[in-house]
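Bear in mind that the values here come from a model prediction, so they are computed numbers and not experimental data. The first residue in the sequence is number 1, and the count goes up from there.
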Amino acid sequence: MADDLPIAGRFDGNAHRFPVRVYFEDTDLSGVVYHANYLRFMERARSDMLRCAGIDQRAAYEGGEGVYVVRDIAIRFSAPARLDDALVIVSRVLDVRAASVLIHQRVMRDGELLTDARVEAAFVSPQGRPKRQPRGWVDAFVPLVWKGS
């Protein structure tokens, strides 16, 4: 790999692992990661997971096919992350439907669960209407569906 390429996530079986470092800008006055920044970390991890699975969101958008939008999210915060923590966002596909995908995401620090979320991403047309996601995307997701508990 070239030295000038950005660090990205990777699949470990059907779990996608995405590294994140906590910077000063991610923290609030109390020195912990501001709650909304966990959503940013998870969004980056989901986008990277799609890229690693061979899904080209940009081409779908530019081709007028559609985009994913977050339809629903449930999140639970268990412990805070702090400045300079090395985090890993672990993402797993739970279910693939015709027009959406359900993803479980965990923010981890050295094996400790900090944040746990379930995200439903719906595929929508350029006009914002739900539509079937591309067949190739469904085919890419199916082998990644997590069968664990």
Answer whether the closest heavy-atom distance between the side chains of D85 and R21 falls below 4.5 Å.
-> no
What pair of heavy atoms forms the shortest contact from A53 to A140, and how long is it?
-> O-CB, 3.7 Å
Residue pair R118, L94: steps toward the side-chain contact (heavy atoms from CB on, under 4.5 Å) verdict | CA-CA 9 Å; R118 289 172 60 99; L94 297 180; 3.2 Å; yes
By side chain to side chain contact (heavy atoms under 4.5 Å, CB included) - contacts of R132 (at least two apart) = A98
Minimum heavy-atom distance between C52 and H16, given as atom pair plus value | SG-NE2, 3.8 Å
Mind checking what makes ring pair (Phe, Tyr, Trp, His ring centres under 6.0 Å) contact with Y61, not counting sequence neighbours?
-> none
Kindly give the heavy-atom pair with the smallest separation between G64 and P126, and that separation in Å.
-> O-CG, 3.1 Å
d(Y38 OH, I89 CD1) to nearest 0.5 Å is 10.0 Å
Hey, could you give me the OG/NZ distance between S125 and K131, rounded to the nearest 0.5 Å?
-> 6.5 Å
Does V142 sit in a hydrophobic cluster with other residues, and if so which ones, taking ILVMFWY side chains as linked at heavy-atom separations under 4.5 Å, directly or through other members?
-> F11, M49, L50, I55, Y68, V93, V96, V101, I103, F123, W137, V138, F141, L144, V145
Please report the C-alpha distance between R17 and D12 in whole Å, then the side-chain angles of each, then the deciding distance to 0.1 Å, and finally whether the salt bridge (Lys or Arg N to Asp or Glu O under 4.0 Å) criterion is met.
-> CA-CA 7 Å; R17 299 180 183 284; D12 181 8; 3.3 Å; yes
Side chain to side chain contact (heavy atoms under 4.5 Å, CB included) with I75: which residues, sequence neighbours excluded?
-> L39, M42, F77, T115, A117
Set of residues satisfying side chain to side chain contact (heavy atoms under 4.5 Å, CB included) with respect to E112, sequence neighbours excluded = A79, R109, L114
Please tell me if the side chains of D116 and H104 come closer than 4.5 Å, counting only heavy atoms from C-beta onward.
-> yes
Separation of L87 CG from F41 CZ (nearest 0.5 Å) | 6.0 Å
In terms of hydrophobic clustering (I, L, V, M, F, W, Y; side-chain heavy atoms under 4.5 Å; direct or indirect links), are M108 and L83 co-clustered?
-> no
Point-to-point distance, once rounded to the nearest 0.5 Å, from CG of D95 to OG of S100 | 7.0 Å
Pairwise distance CZ(R92) to CG(L102) - rounded to 0.5 angstrom = 13.5 Å
Taking all non-hydrogen atoms of both residues, which atom of D139 and which atom of P143 are closest, and how far apart?
-> O-CD, 3.1 Å
Scanning both residues in full, the closest heavy-atom pair of A81 with V22 reads CB-CG2, 4.2 Å
All heavy atoms of R82 vs all of V33, minimum pair found to be N-CG2, 4.4 Å
Is there side-chain contact between V119 and V70, with at least one heavy-atom pair below 4.5 Å?
-> yes
Taking NZ, NE, NH1 and NH2 as the nitrogens, is one of them in R97 or E120 under 4.0 Å from a carboxylate oxygen of the other?
-> yes
Could you name each residue pair satisfying salt bridge (Lys or Arg N to Asp or Glu O under 4.0 Å) that touches residues 27-44, not counting sequence neighbours?
-> D26-R40, E43-R46
